[in-house]
Amino acid sequence: MENKIRTAADAASIDDGRAETGRWQAATDSKKKSTTAAARLQGNVFREVRERVAAEDAARLYGVEVERYGKALCPFHLDRHPSMTFKNGRYRCWVCNIGGDSIDLTERLLGVAPIDAVRRLNADFALGLAIDREQTAEEHRAARARLELAEEHRRFEAWRKGYINRLNAVYRRGYLALKSGQEPDAGDAEAVRYMATAEYYADALSFGTPQEQAQIYRERGLIGQWIDKSLKN
């Protein structure tokens, strides 16, 4: 009889242990999900702040005087000649050998943690990002649309700069062909033929309106054909 009671007690104890283990596992899984969701939310916010706020803009707002050509006296060492430069939304000091994005710069300038730098940039640039809460579906769609637009703009800028270089190469080849006074070969002849057009498009891509640049982008296939002919050896 005593053995039966002990067996029943052991079984009950095992069941209680399994139940406790189940509760612990459920709590652990819930914590992991919460941590993963928080990390994902924070990652999205950090990425969007980087996309929407350039390091140069953050530097100007927080007291760094940036010169006309994108250089500044580094605030992190006794700088007598501008050694900090800004490019593609990032910064770099060539003396301190440090660099980064707007979040990193704000963190260093204000002496705050990365998440506090994000909060400060969010407030000071009126970004309206959900930092300490889950985004609503509408906020998520808007953030995704902004990131896609930023990515599209990066691709366009890369194409624009590359095209300007190629158009300038056409003009330069035509100019040198004319200057040589010799009979041009097929490529030189095409370059001479399109010199004025190349100059026009290069100027439009450098200084034209967004509408003018968008039109050239839509016609890039046709334009690229005569560029290829002009640059062919």
Exercise for the section: Begin with the C-alpha distance, continue with both residues' side-chain angles, and end with the deciding distance and a verdict on side chain to side chain contact (heavy atoms under 4.5 Å, CB included) for Ser102 and Leu121. Expected result: CA-CA 8 Å; Ser102 58; Leu121 290 167; 4.1 Å; yes

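Atom-to-atom distance recorded for Leu231:CG and Tyr194:OH is 12.5 Å, nearest 0.5 angstrom. Distance check, rounded to the nearest 0.5 Å: CD1 of Ile216 to CD of Gln213 gives 7.0 Å. To the nearest 0.5 Å, atom CD of residue Glu48 and atom CG of residue Leu127 are 7.5 Å apart. Note that OH of Tyr163 and CG of Asn168 are 13.5 Å apart. Values are rounded to the nearest 0.5 Å.
The salt bridge (charged side-chain N to carboxylate O under 4.0 Å, His left out) contacts involving residues 193-211 comprise Glu190-Arg193, where partners must be two or more places apart or lie in separate chains.
Within a 6.0 Å sphere centred on CZ of Phe125, heavy atoms belonging to other residues, nucleotides or ligands number more than 12.
Ion pairing between Arg60 and Asp57 fails under the 4.0 Å rule for side-chain N and carboxylate O. Ionic pairing of Arg160 and Glu157 is present here: one or more N-O contacts between side-chain nitrogen and carboxylate oxygen are shorter than 4.0 angstrom.
Listed by chain and residue number, Arg173, Ala177, Pro184, Asp185 satisfy the side-chain contact (heavy atoms from CB on, under 4.5 Å) test with Asp188 (two or more places apart in sequence, or in another chain). In this structure, the side-chain hydrogen bond (donor to acceptor under 3.5 Å, both in side chains) partners of Arg108, at least two apart in sequence or on a different chain, are Tyr91, Asp104. Shown here are the side-chain contact (heavy atoms from CB on, under 4.5 Å) partners of Leu176, two or more places apart in sequence or in another chain: Arg172. Legend: residues meeting side-chain contact (heavy atoms from CB on, under 4.5 Å) with Thr85, ordered by chain and number and at least two apart, are Lys71, Arg92, Trp94. Residues passing the side-chain contact (heavy atoms from CB on, under 4.5 Å) test with Leu178, sequence neighbours excluded: Val192, Met195.
Smallest separation of non-hydrogen atoms from Ala117 and Val112: N-CG2, 3.7 Å.
Between Tyr171 and Tyr175, the ring planes lie parallel to each other; the angle is under 30°, not in the 30° to 60° tilted range.
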